[in-house]
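Input: a single structure, listed below in C-alpha cells.
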Amino acid sequence: MQRRQFIRLAGGGVVLAASAGLAACSSALPPEALQAWTPPEPGQDLRHWLLAHAILAPHSHNLQSWLVDLSVPDQITLFVDLKRLLPETDPLSRQMVMSQGTFLELLDLAARQQGLRADMQLFPEGAFGPTTLDQRPTARVRLVPDATVRPDPLFSQIFRRHTNREAYEAREPAADALQAIAQSATVPGLRLGFVGGAQPDALQQHRRIAMDAWRIEMETPRTVLESFKVLRIGPQEIAQHRDGISINTPMVRTLTALGLFDRSQAPAPGDSAVAGQIKDFNEKLATTPAFFYMVSQGNDRVTQLQAGRAYARAQLAATAQGLSMHPLQQALQEYPEQAEPYAAIHRLLNAPPPQFTVQMWARLGYAPPVGPAPRRGVRAHILAS
C-alpha cells in the first residue's frame with residue numbers, strides 16, 4: 001500500500017518554525033534497520049544462511065509474521081506469529097497465509113543455491129480454518145542434499161527486490177518482460193494476467209476500483225488506526241522495531257515530537273491530510289500503465305499459501321526485467337466496507353466468488369529504484385534451535 005506516505009500535512013507558521021531545526025536532517029532509514037539486506041556469509045548452521053534470504057520476502061504491512069523452530073537438525077518448521085496479524089484489514093488472515101508462502105518460496109530458492117532439496121510438508125498438523133489462524137505450523141521443511149537440484153536464476157534478485165510505491169513511468173511494460181513474469185509463476189489452478197494500454201476501457205476500470213478501495217480504507221477509522229499502530233516514525237523507532245511502516249521525513253518527525261500527530265486517534269471526517277493523500281495516490285493510479293493479477297480456483301489455505309509463493313516469484317521476475325510491482329490489496333480485503341470494490345474487481349477479472357478468488361492485484365511499470373524496507377534479522381524469528 002501507499003501507507004508510508006499517508007500523513008501529508010499542510011503546516012502553518014508555528015509548525016514550519018518548529019521544523020526548521022530538522023530541515024537538514026536526512027530522511028534516509030538508519031543503517032541498523034537495513035542490516036538484514038547485506039548478503040550473509042555462510043555460518044556454522046546453514047539454515048541461518050537460508051533464513052537470511054527468506055526473511056526478505058514481501059509481507060503485508062511489513063509485519064514479518066514468521067517464526068521458525070530449528071530444534072530438529074536439517075529441518076525448519078514455520079509458524080505464523082499470532083501477535084503480528086491484521087484483524088481489521090485482513091480479517092480472514094488470507095494475506096497472512098500468502099505471506100507464509102512468500103517466505104517459503106525464498107527459502108526454497110536459497111536452498112537450491114546450496115544444492116539442497118527443500119521437501120515441504122504444508123500444514124503438517126492440519127490446515128487452519130477459513131476464518132482464523134492458530135498455533136499449528138504452516139510448513140515443515142526438510143533439507144536434503146541432492147545433486148540433481150539446480151539453482152534458480154530468480155535467486156539473484158532477492159536482494160534487489162523492493163516494493164515500489166512511487167509514480168510509475170507512462171511507458172508500457174515490454175511484451176517479453178510480461179511473458180517472463182507469467183512463465184516464472186505458473187501454478188496449477190492459478191490464472192495470471194495483465195491489463196495495460198491495449199485494453200483502455202479495462203485499464204480505466206482497474207484504476208477506478210483501486211481509487212475507490214484506497215479511499216474507503218483511508219476513511220474507515222479502524223483500518224486507518226490499524227496502520228497507525230505499526231507506524232515507525234523517526235530513526236529511533238525505526239531502528240528499534242525494524243518492521244511496519246517507516247516514516248523518517250523531518251515534518252512528520254517534528255509533528256510527532258510536538259504531540260501534534262496522535263497515532264491513537266483516527267483522522268476526523270474530511271481531514272485535509274487524508275484528502276491530500278487520497279489525491280496524491282489517485283494521481284499515481286491515474287498514470288499507472290499496467291496491472292498484474294492472480295486468480296485462484298478456490299480459496300483454501302493451501303491455495304493461499306501457493307498463491308504467495310507464486311507472487312514472490314512474479315515480483316522477483318519483474319525485478320529481473322527492470323519492472324516494479326506494488327500490491328493493491330485494499331479491494332481484495334474481506335471487511336464489510338470493501339464489499340463493493342471487492343465485487344467489482346472480481347467481476348472485472350471474470351472471477352465470481354466463491355468459486356474464484358483474486359489473490360493478488362498489483363500496479364506494474366517502470367520506475368526509478370527505491371530502497372529496501374527495514375527487516376528484523378534472522379534471530380528475531382527463531383523460536384528454538
Side-chain angles (χ1 to χ4, degrees), residues 34-59 62 64-79 98-122 137-163 177 180-187 305-325 369 371-383 385:
L34 304 178
Q35 189 173 1
W37 289 93
T38 301
E41 296 291 337
Q44 195 170 24
D45 190 335
L46 184 58
R47 292 176 297 178
H48 286 222
W49 187 89
L50 304 181
L51 293 171
H53 294 80
I55 64 168
L56 302 182
H59 194 298
N62 192 29
Q64 306 165 48
S65 304
W66 307 303
L67 291 173
V68 294
D69 186 330
L70 306 181
S71 59
V72 178
D74 302 317
Q75 183 172 291
I76 298 172
T77 303
L78 176 64
F79 298 84
M98 284 186 67
S99 295
Q100 297 281 293
T102 63
F103 179 98
L104 288 172
E105 184 57 38
L106 267 61
L107 180 69
D108 184 51
L109 292 174
R112 289 175 178 275
Q113 197 69 15
Q114 295 293 334
L116 297 171
R117 188 179 72 247
D119 288 342
M120 296 188 187
Q121 184 182 6
L122 304 182
T138 54
R140 186 166 290 135
V141 184
R142 186 167 165 261
L143 301 167
V144 183
D146 187 339
T148 67
V149 168
R150 295 290 179 265
D152 190 312
L154 292 180
F155 173 83
S156 64
Q157 304 303 318
I158 289 177
F159 283 85
R160 297 183 61 242
R161 180 214 65 81
H162 308 310
T163 297
I181 295 170
Q183 289 177 344
S184 75
T186 301
V187 173
L305 192 149
Q306 297 289 25
R309 294 192 66 175
Y311 175 68
R313 294 187 61 83
Q315 194 181 25
L316 290 169
T319 302
Q321 297 297 320
L323 285 163
S324 294
M325 271 191 185
R375 293 289 152 134
R376 296 189 294 144
V378 170
R379 293 191 180 279
H381 299 276
I382 297 177
L383 283 169
S385 59

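Quick note: residue numbers are just sequence positions, from 1.
Using a 4.5 Å heavy-atom cutoff, the side chains of Arg313 and Ile181 are not in contact. By the 4.5 Å heavy-atom criterion applied to side chains, Val378 and Val68 are not counted as neighbours. Counting only heavy atoms from C-beta outward, the side chains of Tyr311 and Met325 approach each other to under 4.5 Å. Taking the side chain as every heavy atom from C-beta outward, Leu316 and Arg160 never approach each other to under 4.5 Å. Met120 places a side-chain heavy atom less than 4.5 Å from the side chain of Arg309.
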What do the steps show when you test Val149 against Gln114 for side chain to side chain contact (heavy atoms under 4.5 Å, CB included), and what is the final call?
CA-CA 9 Å; Val149 168; Gln114 295 293 334; over 6 Å; no
Trace of the side chain to side chain contact (heavy atoms under 4.5 Å, CB included) decision for Ile382 with Leu70
CA-CA 7 Å; Ile382 297 177; Leu70 306 181; 3.9 Å; yes
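Taking every heavy atom of both residues into account, Leu34 and Pro372 meet most closely at CD2-O, 3.7 Å. The two residues Pro58 and Thr102 come nearest to each other via the heavy atoms O-OG1, 2.8 Å. Nearest approach of Ala185 to Ala310, heavy atoms of both residues: CB-O, 3.4 Å. Contact between Trp66 and Arg375 at its shortest, heavy atoms only, is CH2-NH1, 3.7 Å. Nearest heavy atoms, Ala180 versus Gln321: CB-NE2, 3.6 Å. Taking both residues in full, the closest heavy atoms of Pro40 and Phe159 are given as CD-CZ, 3.7 Å, listed atom of the first, atom of the second, then distance.
Note that the CG atom of Asp108 and the CG atom of Leu154 stand 11.0 Å from one another [nearest 0.5 Å]. Note: Thr77 OG1 to Leu383 CG = 9.5 Å, rounded to the nearest 0.5 Å. Here the straight-line distance linking atom CZ of Phe79 with atom NE2 of His381 works out to 15.0 Å at 0.5 Å rounding. Interatomic distance, CD of Glu105 versus CD1 of Ile158, reported as 9.0 Å (0.5 Å rounding). In this structure, CD1 in Ile76 is found 4.5 Å from CG in Leu107, a value given to the nearest 0.5 Å. With values rounded to the nearest 0.5 angstrom, Leu106 atom CG is found 11.5 Å from Gln157 atom CD.
Considering only residues two or more places apart in sequence or on other chains, Ser156 meets the side-chain hydrogen bond (donor to acceptor under 3.5 Å, both in side chains) condition with none of them. Here Gln64 pairs with Asn62 under the side-chain hydrogen bond (donor to acceptor under 3.5 Å, both in side chains) rule; sequence neighbours left out.
When each of Leu78, Leu104, Leu50 is tested with Val141 by the rule side chain to side chain contact (heavy atoms under 4.5 Å, CB included), just one qualifies, namely Leu104.
Look at Asp119 and Arg140 and you find no salt bridge, because none of the NZ, NE, NH1 or NH2 atoms lies under 4.0 Å from a carboxylate O. Salt bridge status for Asp74 with Arg47: absent, with no side-chain N to carboxylate O gap under 4.0 Å.
Of the possible donor and acceptor atoms, one in the side chain of Arg161 sits under 3.5 Å from a partner among the backbone N and O of Leu56. No donor-acceptor pair closer than 3.5 Å links the side chain of Gln306 to the backbone N or O of Met98.
For residues 141-151, every residue pair satisfying the salt bridge (charged side-chain N to carboxylate O under 4.0 Å, His left out) rule, not counting sequence neighbours, is listed here: Arg117-Asp146.
The number of heavy-atom neighbours closer than 6.0 Å to CD of Gln35, taken from other residues, nucleotides and ligands shown, is 12 or below.
The aromatic rings of His53 and Phe155 lie tilted to each other, with the angle between the two planes from 30° to 60°.
Aromatic rings from Phe103 and His59 are positioned such that their centres are separated by 6.0 Å or more.
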